[in-house]
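Counting starts at 1 for both ligands and their atoms, following the listed order. Note that the numbering runs from 1 along the sequence shown for the chain.
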Amino acid sequence: MGVSDCLFCKIIKGEIPSTKVYEDEFVLAFLDISPVAPAHILIVPKLHIVSASDISEENSIYAAKCFEAIAKIAVSEGLDSGFRVITNSGTDGAQSVFHLHFHLLGGKQFDVRLV
Ligand code: AMP
């Protein structure tokens, strides 16, 4: 799947609607359409990077900016007592949208630990 048929590229371009939570030059963050926690926000780089496997020296500023955004969003969303950040990568990671994104999950105490 390339940039032209990428769901998150279309959301970034405004061709598909989203509920925006945060935006800057590098990052768009919006509500996940199928939330699994009271707060479930997707943080997406504005560059089409397929997955965590594709972060490189050339594009890693976008990943860094995603994490700067996460820190800001955690404050603006009132996630004072903590949160989780998850990225699914590739087939074994159960990634379903092949544009790098970070799930920011919060608003509840998580009882299941994967790690
Ligand atoms: P992943 O399975 O880690 O690739 O995550 C993809 C996420 O995108 C899932 O949590 C979906 O619920 C979410 N999603 C899919 N389509 C949309 C959409 N149009 N707007 C917001 N979130 C979406």
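- You'll find the ring centres of His99 and His101 outside the 6.0 Å limit.
- Ion pairing of Lys65 with Glu25 is absent here, as no side-chain N (NZ or NE/NH1/NH2) approaches a carboxylate O to less than 4.0 Å.
- Checking side-chain atoms of Asn59 against main-chain N and O of Asp54 turns up a donor-acceptor pair under 3.5 Å.
- Clustering of Ile, Leu, Val, Met, Phe, Trp and Tyr by side-chain heavy atoms under 4.5 Å joins Val115 with none of the others.
- Using a 4.5 Å cut-off between side-chain heavy atoms of Ile, Leu, Val, Met, Phe, Trp and Tyr, Ile43 falls into a hydrophobic cluster with Val21, Tyr22, Phe26, Val27, Leu31, Ile41, Leu47, Ile49, Ile55, Ile61, Tyr62, Phe67, Ile70, Ile73, Leu79, Phe83, Val85, Leu100, Phe102, Leu104.
- Taking the side chain to side chain contact (heavy atoms under 4.5 Å, CB included) definition, one finds that Ala37 meets it with Leu105, Lys108, Phe110, sequence neighbours left out.
- Enumerated by chain and number, the residues approaching ligand 1 to less than 4.0 Å through a heavy atom are Leu7, Phe8, Ile11, Phe30, Leu31, Asp32, Ile33, Ser34, Leu42, Asn88, Ala94, Gln95, Ser96, Val97, His101, His103.
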